[in-house]
Student: 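Submitted below is the structure of interest, expressed as structure tokens.
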Number of protein chains: 2
Amino acid sequence: MKKLPDKTVERLSQYRRALLDYLSGGKQHIFSHEIANLLHITAVQVRRDLMLIGYTGTLRQGYDVKELIEIIGKIIDTRDGQKVAVVGIGNLGRAIMGYFSGKRTRLSIVAAFDVNPEKTGKIYAGVPCYNLDEMEDIIRREGISIAVISVPGEEAVKVAEALVLTGIRGILNFSPKPLNVPPHVYLQEYDMITMLEKIAYFVKKN
Amino acid sequence: MKKLPDKTVERLSQYRRALLDYLSGGKQHIFSHEIANLLHITAVQVRRDLMLIGYTGTLRQGYDVKELIEIIGKIIDTRDGQKVAVVGIGNLGRAIMGYFSGKRTRLSIVAAFDVNPEKTGKIYAGVPCYNLDEMEDIIRREGISIAVISVPGEEAVKVAEALVLTGIRGILNFSPKPLNVPPHVYLQEYDMITMLEKIAYFVKKN
DNA sequence: AAAATACTGTTATTTTTTTAACAGTGTTAA
DNA sequence: TTAACACTGTTAAAAAAATAACAGTATTTT
């Protein structure tokens, strides 16, 4: 399939989670405007996204919830799932691991890394924590393709460089430092200070 | 000034932090392409953003770092700063508070809320934690304008409704549940699962 | 059986954001 | 003193995303 727009992919992820929720309500089908209500967006946008992924519903009946969930899975997930590492086991790192533990998803956090020797060797939310030195070895051996950076800003740049050398494919950067990675690594910056300041601006006057 | 584009505001926040860093290197002036390098974006984009805020540099000298920092401050900050509350003192909530503690910024976290009675009454990263019941009172009394939601998904919707009733102006939602707020409340969704799944998609094949 | 209704899927339009093009200008170099 | 250079500021074009418009079609209503 042709590459989907960024924003569509984001929404697909959200559709899927909303649909899984909805499914537990027992209904088999759902209309575009119902999906839209779940996410507080418009029905057109939903239909357009579904058009882009080539999924087509039934007139007057809407979309088959299970089918749609499955289709989205085929788009986002790989057959065997992808492995994720978390680098930096501070509060943020543990929060991230907490989010995932217990959820059966095709993304599984399989390793954590930290410099603090008190943390290495322990298990957090079911995930073993290793020393940063072992990172390259373990990422290669385990076939980890995605890394989350949750170390303080000062260290983030070095961690990113090290990650790139391991052959990682994607990085989610929670640190406030902008990172620079080669084009074959997909980077998503995710800086909460920026977001808060943005809110501050838009809240300001009006 | 006319309302700035969303993305420009985000970058302004990043420019400012990068410039503060840069300033400690002792230099007084900076070229657009140098700012661009700091954030790994293009020089045109920097110049265009600065054009939008009406700040103009000097030919062959670039921009006055201090001046620019100040200008950005005038745009993003209010005169007396804005107060922020964090709702939900799990790992994520504490991570957010940790980020801010010690940093002297015009956004200050002044209250935390949680339902857990073991947490209320305590101080986290210098911020007092109150019971959720007290939220409306305290937000009004303190004049808190921005709230960060870091409670588990199930509770997020209710917390958001309660926040709207307090007259809050902006919300940063870390929970994976899409929220619905009236138009006078600025909402920024910030869901890490979506972001990870997005990375998973873009990393997938190629 | 004609008209209204309630949906989907698609194309067209608008808005937002990024990128490119380039005119203007003081500064250095020839 | 003219040409090349190294910048800024702005306008123009392109790309990405959201929104609107609407054609198509089963179903229900009249």
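Keep in mind that what you see is a predicted model, and the values were worked out from it rather than measured.
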Student: Side chain of B:His33, heavy atoms from C-beta onward: which of C:dT8, C:dT18, D:dC7 has the nearest atom to it?
Tutor: D:dC7
Student: Over how many whole Å does the gap from A:Ile30 atom CD1 to C:dC7 atom C1' extend?
Tutor: 14 Å
Student: For the pair made of CD1 in A:Ile41 and P in D:dA18, what is the distance, rounded to whole Å?
Tutor: 9 Å
Student: Rounding to an integer number of Å, can you tell me how far A:Arg48 CZ sits from D:dC22 P?
Tutor: 17 Å
Student: Heavy atoms from C-beta onward define the side chain here; which of D:dT19, D:dC7, C:dT27 lies closest to that of B:Arg60?
Tutor: C:dT27
Student: Closest approach to the side chain of A:Arg47, judged atom by atom: which nucleotide of D:dC22, D:dT8, D:dA18 is it?
Tutor: D:dC22
Student: Taking the minimum atom-to-atom distance to the side chain of B:Leu59, which one of C:dG26, D:dA26, C:dT19 wins?
Tutor: C:dG26
Student: Which nucleotide, C:dA20, C:dC7, C:dT18, lies nearest any side-chain atom of B:Val44?
Tutor: C:dA20
Student: Give the rounded distance in Å between these two atoms: CG of B:Leu68 and P of D:dG9.
Tutor: 11 Å
Student: I'd like to know if B:Asp21 and A:Lys177 make a salt bridge, using a cut-off of under 4.0 Å between side-chain N and carboxylate O.
Tutor: yes
Student: Would you please test B:Asp77 and B:Arg16 for salt bridge (Lys or Arg N to Asp or Glu O under 4.0 Å) and show each step?
Tutor: CA-CA 12 Å; B:Asp77 300 327; B:Arg16 174 162 65 171; 2.8 Å; yes
Student: Quickly work out the B:Lys7 NZ to C:dT19 C1' distance and round it to whole Å.
Tutor: 16 Å
Student: Atom CE of A:Met51 and atom C1' of D:dC22: how far apart are they, to the nearest Å?
Tutor: 14 Å
Student: Measure from the side-chain heavy atoms of B:Gln45 and tell me the nearest of D:dT8, C:dT19, D:dT25.
Tutor: C:dT19
Student: Is the ring centre of B:Tyr190 less than 6.0 Å from the ring centre of A:Tyr190?
Tutor: yes
Student: Counting side-chain heavy atoms from CB outward, which of D:dT10, D:dT19, D:dT8 is closest to B:Ser32?
Tutor: D:dT8
Student: In whole angstrom, what separates A:Asp49's CG from C:dT10's P?
Tutor: 14 Å
Student: Take B:Glu136 and B:Arg140 through the salt bridge (Lys or Arg N to Asp or Glu O under 4.0 Å) test and state the conclusion after the steps.
Tutor: CA-CA 6 Å; B:Glu136 178 149 9; B:Arg140 285 189 191 280; 3.0 Å; yes
Student: Measure CG/B:Leu52 against C1'/D:dT8 and give the value in whole Å, please.
Tutor: 15 Å
Student: Among the nucleotides D:dA12, C:dT17, C:dT8, which one has an atom lying closest to any side-chain atom of B:Pro5?
Tutor: C:dT17
Student: Mind checking if A:Thr56 touches a base, just sugar-phosphate, or nothing, with heavy atoms under 4.0 Å?
Tutor: sugar-phosphate
Student: Name the orientation class of the two ring planes belonging to A:Tyr186 and B:Phe202 (parallel below 30°, tilted from 30 to 60°, perpendicular beyond 60°).
Tutor: parallel
